[in-house]
Amino acid sequence: MDRKKIFGIFGGFLAVMLVFTILSRAFGGAAMAKVETIKISTGTIDHKVSASGRVEAGKEIAVYTKSGQRVQEICVQEGQSVEEGQVLFLVDLEELEEQILTVQQELEKLKLQDQDLKSAQSVERQNQENARNRAIEDYNSAVTQGNAAVTQAKADWDWAEQELQRFLQTSPNSTADQGQDKVTAETEGRKEAKDHQNPEAEPEQENNESQETEDGSKEDSADTQAMSSVAEWEAKRQALEQAAAEAKAVYDNALSGRSENIKSAQRALEDASVSTASDSTRQQNEITRKQQQIVLEKLLRLKEAEGKVTAPVRGLVTQIAVTTGDFTSEGTAIRLADTSQGCRIIAAVDKANEKYVSKGSEVTISVSGKKEKITGYAISNVAQHEEDKNMLQVTIDLPEGVVEAGTLTEIEIIQKSKTYHAILPIEALHEEQSASYVLILEEEQGVMGSGFVAKRYEVEVLDKNSSQAALAEGTLTGDQEVINSSSRLIGDGSRVRRKAE
């Protein structure tokens with residue numbers, strides 16, 4: 001085979017191979033997924049929560065009037081807007097006059113009761129003071145008289161004891177000897193007198209006999225006299241002892257009597273010094289008087305207003321609780337929605353969005369029937385919903401004139417995040433169990449030339465909403481192209497091509 005023929009065959013082979021390569025790349029390119037890519041950007045992740053709510057008055061005002069007033073005429077209707085000072089309803093003036101007179105009479109009765117009570121208390125205080133003074137006098141008298149009686153009884157007892165002791169110092173024997181000495185002296189005296197009168201004495205024998213007889217008689221007389229003296233001494237001793245005992249008994253009785261009299265007088269003084277029981281009648285009357293005075297002032301003001309009950313502020317009548325011809329009660333007569341200080345929107349938000357709803361969050365308000373949205377206001381309060389525990393009650397305060405009370409609105413709550421340096425569309429983020437990742441478009445050299453493949457990169461998600469996700473810094477660079485969408489399902493290592501190719 002010549003060289004020309006060989007070169008021809010080789011050239012044909014190369015041509016066939018070129019055709020097959022072109023066809024292979026054409027079929028391979030047609031089979032590869034077409035992808036679109038984006039790069040990370042800087043920005044915030046805004047969370048938006050939507051809710052609906054009705055505009056209410058900033059606060060409600062309850063209009064009261066004195067109870068027991070007959071309603072003569074009602075001048076407004078529920079849902080009606082009223083101005084400050086506008087008449088809401090009228091009360092019967094004749095009935096009002098009767099009530100004023102009744103209250104005035106009650107006040108006069110209380111005044112008379114106070115005067116009588118004051119007089120009675122004055123008399124009672126004087127009687128109590130007199131009783132106490134008398135008790136003090138009786139106590140002092142009991143002390144003085146008791147001390148005097150004890151002192152006198154003690155002196156009498158002491159004197160009786162002294163008399164007894166002095167008498168006891170004289171014994172019965174000394175008394176008998178004194179009687180015998182007296183008899184002897186009398187005998188000797190009579191003998192001397194006889195001898196002196198009759199100097200010529202009789203014979204000695206006769207004298208002796210006569211003397212013996214006379215001496216015997218005298219001795220008998222002396223013994224008798226001595227015995228009589230002992231008996232007298234004993235009798236006197238007993239008398240003195242009895243007198244001393246009686247004096248001591250008198251003293252003891254004086255002590256006991258003084259103690260009992262002072263004790264009784266002390267008790268009487270204590271009884272007279274006891275304070276009288278508290279009496280709060282005057283204080284109660286004063287409370288009643290003040291209450292009646294307040295009632296009277298209200299009635300007089302109502303009379304001065306000619307029985308007209310007016311609106312205290314500009315607002316909307318939300319409730320009428322009185323009826324023509326009936327009497328007013330203690331409760332609210334008419335309820336007004338105060339529009340003079342602006343309104344507020346009350347909306348219910350799912351509690352699942354609690355972390356995106358807070359005081360100060362910006363809101364966008366859409367009013368039913370209007371195209372223009374209201375902005376520039378924020379949430380003023382977030383609280384637990386009173387009826388549904390799974391909901392939050394959001395309040396937005398609005399100044400006067402922005403929206404009328406009763407209007408239905410739609411609100412959009414916007415919670416802005418901090419600035420992130422790696423933000424991607426939510427479509428570029430893939431989640432697999434607890435991991436998050438993205439697919440990066442990378443160029444790769446092959447036998448048949450260069451091409452693109454998808455590479456998986458694990459990422460840390462810091463925040464996300466329905467359209468965007470914020471990634472931790474350092475995970476991706478600004479030059480990397482993140483696959484945002486693909487014409488078919490791809491994964492790590494999948495060969496891809498750009499959508500524009």
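Only this structure's heavy atoms are used, side chains among them; waters, hydrogens and symmetry mates stay out.
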Test item: [X] and [Y] side chains (from C-beta on) under 4.5 Å apart, heavy atoms:
X: Ile61; Y: Pro312; result: yes
X: Val91; Y: Gln72; result: no
X: Gln393; Y: Gln384; result: no
X: Arg267; Y: Lys263; result: yes
X: Ile38; Y: Pro425; result: yes
X: Ile490; Y: Leu439; result: yes
X: Gln468; Y: Asn465; result: yes
X: Val482; Y: Lys39; result: no

Quick one: does [X]'s side chain have a donor or acceptor within less than 3.5 Å of a partner on [Y]'s backbone?
X: Ser119; Y: Asp116; value: no
X: Thr409; Y: Gly53; value: yes
X: Thr318; Y: Arg335; value: yes
X: Ser67; Y: Glu330; value: no
X: Ser273; Y: Leu269; value: yes
X: Thr170; Y: Phe167; value: yes
X: Gln80; Y: Gln77; value: yes
X: Ser361; Y: Ser358; value: yes
X: Thr144; Y: Asn140; value: yes
X: Gln480; Y: Thr477; value: yes

Crowding at [atom1], [X] (>12 non-hydrogen neighbours, <6.0 Å):
X: Lys351; atom1: NZ; value: yes
X: Arg132; atom1: CZ; value: no
X: Gln283; atom1: CD; value: yes
X: Glu304; atom1: CD; value: no
X: Glu442; atom1: CD; value: yes
X: Lys308; atom1: NZ; value: no
X: Leu489; atom1: CG; value: no

(message) Please give me the minimum heavy-atom distance between Ala247 and Trp157, naming the atom from each residue.
(response) CB-CA, 3.4 Å

(message) Testing the basics here: between Tyr377 and Pro399, what is the closest heavy-atom pair and its distance to 0.1 Å?
(response) CE2-CD, 3.5 Å

(request) Apply the side-chain contact (heavy atoms from CB on, under 4.5 Å) test between Asp92 and each candidate in Glu97, Glu98, Arg70; give the one that qualifies. (result) Arg70

(request) Give me the one residue out of Val87, Val82, Leu88 that meets side-chain contact (heavy atoms from CB on, under 4.5 Å) with Thr310. (result) Val87

(request) Calculate, to the nearest 0.5 Å, the distance between atoms CD and CD belonging to Gln291 and Glu286 respectively. (result) 10.5 Å

(request) Find the distance between CG (Leu424) and CG (Leu429) and round it off to the nearest 0.5 Å. (result) 7.5 Å

Between [X] and [Y], does any side-chain donor sit less than 3.5 Å from a side-chain acceptor?
X: Gln242; Y: Gln238; value: no
X: Glu481; Y: Thr37; value: yes
X: Asp463; Y: His47; value: yes
X: Gln69; Y: Thr328; value: no
X: Gln126; Y: Asn130; value: yes
X: Glu137; Y: Asn133; value: no
X: Ser380; Y: Asp397; value: yes

(request) Check ring pair (Phe, Tyr, Trp, His ring centres under 6.0 Å) between Phe327 and all other residues, then give those that pass, not counting sequence neighbours. (result) none

(request) Please identify each residue that fulfils ring pair (Phe, Tyr, Trp, His ring centres under 6.0 Å) with His421, with sequence neighbours left out. (result) none

(request) Inspect the contact between Lys109 and Glu106 and indicate whether a charged nitrogen and a carboxylate oxygen are less than 4.0 angstrom apart. (result) yes

(request) Mind checking side chain to side chain donor-acceptor pair (under 3.5 Å) for Gln284 and listing every partner two or more places apart, or none if nothing turns up? (result) Ser280

(message) Under 6.0 Å from the ring centre and within 45 degrees of the ring axis: does the NZ or CZ of Arg497 meet both conditions for the six-membered ring of Phe452?
(response) no

